[in-house]
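Below you'll find the structure, written out as structure tokens, and then a few comments.
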Amino acid sequence: MKLIAVLAALLAPLPALAEIDPSNWDAVTAEAEGQTVFWNAWGGSTTTNDFIAWVGERVLEDYGVMLEHVKLTDTADAVTRVLSEKQVGEDDDGAIDMIWINGANFAAMKDADLLFGPFAEQLPNWAFVDVEGKTVQTDFTVPTDGFESPWAMAQVVFIHDTADLAEPLGSMQAIADWSAANPGRFTYPQPPDFLGTTFLKQALVDLLDDPSVLSAPATDDNYDAVTAPLWAFLDDLTPTLWRAGRAYPATGPAQLQLIADGEVDLAISFSPGEATAAIANNQLPPTARTFVLDKGTIGNASFVAVPYNSGSKAGAMVVANFLMSPEAQVRAQNPEVLGYGTVLDMDALPASDRAAFDALELGVATLSPAELGTVQAEPHPSWMIRIADDWMQRYGVSE
């Protein structure tokens with residue numbers, strides 16, 4: 001009988017581990033000490049990789065949390081990994097502890113119950129976040145509901161080398177007209193790269209008389225009519241691109257390298273400070289500047305989320321909270337580091353932290369908040385999924 005009891009105990013399912021309470025910060029930091037957080041994040045930028053490495057140094061120093069950057073080329077790969085783990089019952093200690101995530105990938109994980117939370121709005125540094133002036137509680141129109149934590153603000157800008165393209169171009173049609181007059185001098189990253197799909201979204205938003213239709217999900221009834229101006233625009237633009245649209249740079253940094261090499265004069269960026277940072281790092285010529293379109297450009301926040309089966313949820317929350325700290329935010333906004341926009345409300349900061357932001361020199365190629373103008377909303381993720389697939393069918397290349 002005693003042996004049967006022992007075997008029964010061994011075969012019984014293990015009790016579920018109690019979830020850490022995000023609002024009990026002392027308990028979170030105590031549990032986080034000694035944990036390793038595997039942060040799956042885009043790895044295509046040296047400056048971003050260096051910033052993540054610095055974050056790792058700081059959270060190790062202050063909290064005893066070890067941060068490992070798992071470099072991604074496509075965030076969807078991380079989503080697929082978590083989904084695969086759920087399908088085979090790996091519910092307690094998955095391979096991924098935190099993901100830099102946005103848009104359709106967040107919507108997919110949220111819909112499939114693949115995320116831990118809500119946690120973001122219970123983190124201590126949430127008190128400094130600008131919930132009124134910045135899009136930090138929706139992600140591509142999808143409510144975040146506390147399941148992801150913001151850490152950077154972005155807005156589409158166009159980087160141009162004023163030595164060859166002196167004046168800003170005020171619309172996507174103006175860009176197409178200029179490209180037709182200057183063939184081979186413009187390109188954009190190849191979708192599904194994030195910046196490549198951003199270019200497609202920005203084109204559609206600018207071309208539509210009323211882009212508000214994009215805030216609702218795409219339907220079979222409206223998709224063709226709404227996207228028709230985009231395909232007409234791209235049919236005209238594509239033959240005028242670098243290499244006649246038969247090849248595209250793989251990433252944003254590769255696109256900027258074409259400007260540095262004198263092959264193109266215009267590039268798209270989702271970081272208003274990227275040109276200044278690239279000039280400081282000798283990645284762009286000092287003649288580089290930025291502009292936005294007359295009707296405004298798309299803006300959004302970058303977020304981090306924690307998979308439901310992370311074994312280091314406390315450590316991931318410590319990293320997410322640190323990313324929202326004034327220390328991390330002012331470093332990220334420094335154009336010599338990243339040049340990212342901050343998610344924080346300057347009026348909510350202590351005077352010393354506000355002074356650190358005020359002391360930043362944004363640089364000659366960075367537009368002021370006033371110059372950035374109107375922020376256009378991100379379309380619902382369903383639009384981009386269909387548009388990216390259609391782009392591959394119409395214009396995709398294998399080079």
Side-chain angles (χ1 to χ4, degrees), residues 41-58 69 100 128-130 133-134 136 150-163 165 168 189 194-195 198 251-260 265-293 297-302 322-346 349 352-373 375:
W42 180 61
S45 165
T46 300
T47 54
T48 303
N49 295 345
D50 290 346
F51 177 78
I52 292 175
W54 171 81
V55 170
E57 294 170 2
R58 292 293 294 111
H69 180 190
W100 179 358
F128 301 129
V129 173
D130 186 357
K134 298 186 170 73
V136 293
W151 72 281
M153 290 302 301
Q155 185 176 340
V156 168
V157 296
F158 290 89
I159 299 173
H160 62 127
D161 186 350
T162 57
L165 172 55
F194 174 72
L195 270 179
T198 295
T251 64
Q255 176 195 218
L256 292 191
Q257 186 62 48
L258 293 177
I259 292 183
D265 305 316
L266 180 65
I268 188 172
S269 173
F270 220 138
S271 174
E274 183 172 17
T276 293
I279 291 170
N281 294 325
N282 297 313
Q283 295 171 311
L284 280 179
T287 49
R289 295 294 185 270
T290 56
F291 65 83
V292 292
L293 305 180
T297 52
I298 292 172
N300 67 29
S302 287
F322 180 76
L323 286 168
M324 292 190 295
S325 69
E327 177 187 357
Q329 290 286 300
V330 76
R331 184 177 180 88
Q333 192 165 30
N334 187 332
E336 295 185 4
V337 178
L338 286 179
Y340 286 2
T342 181
V343 301
L344 302 185
D345 179 357
M346 294 297 102
L349 295 179
S352 59
D353 292 322
R354 173 67 181 268
F357 281 94
D358 291 342
L360 281 177
E361 292 289 343
L362 296 181
V364 294
T366 303
L367 300 176
S368 70
E371 290 170 324
L372 285 171
V375 177

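From a predicted model like this one, the values you see are computed outputs, not experimental measurements. Any value given below was found using the heavy atoms of this structure, including those in side chains, with hydrogens, waters and symmetry copies removed.
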P253 to G44 - nearest heavy-atom pair and separation: CG-O, 3.1 Å
Using every non-hydrogen atom in the two residues, find where L256 and L284 come nearest and quote the distance to one decimal. O-CD2, 3.7 Å
What's the shortest heavy-atom distance between A332 and L338, and which atoms? O-CB, 3.2 Å
Between Y340 and T48, is any side-chain donor less than 3.5 angstrom from a side-chain acceptor? yes
Report the distance from atom CD of Q329 to atom CG of L323, rounding to the nearest 0.5 Å. 8.0 Å
Under 3.5 Å donor-acceptor, H69 side chain and A53 backbone: no
Taking T162's backbone N and O only, do any of them form a donor-acceptor pair with T287's side chain (distance below 3.5 Å, no angle check)? no
Test T366 against every option in V157, L360, T276 by the side chain to side chain contact (heavy atoms under 4.5 Å, CB included) rule and name the one that passes. T276
Is any side-chain heavy atom of L367 less than 4.5 Å from a side-chain heavy atom of R289? no
Does any part of the side chain of V156, heavy atoms only, come nearer than 4.5 Å to the side chain of I268, both counted from C-beta? yes
Can you check whether P272's main-chain N or O pairs, donor with acceptor, with Q155's side chain at less than 3.5 Å? no
Would you compute the distance between atom OG1 of T297 and atom CG of L372 and round it to the nearest 0.5 angstrom? 7.0 Å
Determine whether more than 12 heavy atoms belonging to other residues, nucleotides or ligands lie under 6.0 Å from atom CD of E336. no
Report the distance from atom CG of D130 to atom CG of L349, rounding to the nearest 0.5 Å. 10.0 Å
Does the side chain of P150 reach to within under 4.5 Å of the side chain of M324, using non-hydrogen atoms? yes
Over all heavy atoms of both residues, which pair between P189 and L195 is shortest? Give the atoms and the distance, please. CG-CB, 3.8 Å
Just so I know, are the side chains of V330 and D353 near enough to count as touching, which here means a heavy-atom distance under 4.5 Å? no
Please tell me whether F194 and F270 form a close aromatic pair, meaning their ring centres lie under 6.0 Å apart. yes
Do L344 and V129 have side-chain heavy atoms sitting under 4.5 Å apart? yes
Residues passing the ring-ring contact (aromatic ring centres under 6.0 Å, His included) test with F291, sequence neighbours excluded, are F158, H160
Do F322 and W54 have ring centroids that are under 6.0 Å from one another? yes
For the atom pair OG (S271) and CE (M153), what is the distance rounded to the nearest 0.5 Å? 11.5 Å
Less than 4.5 Å apart, side chain to side chain, heavy atoms only: is that true for F128 and T342? no
CD1 of I259 to CG of L266: how many Å apart, nearest 0.5 Å? 7.0 Å
Quick one: does any side-chain atom of N281 pair with a main-chain N or O of Q283 as donor and acceptor, under 3.5 Å? no
Smallest separation among heavy atoms of A365 and T290, with atom names: O-OG1, 2.8 Å
Quick check for you: to the nearest 0.5 Å, what is the distance between W151 atom CH2 and W100 atom CH2? 4.5 Å
Identify the two heavy atoms, one from I52 and one from A41, that lie closest to each other, and give their separation to 0.1 Å. CD1-CB, 4.0 Å
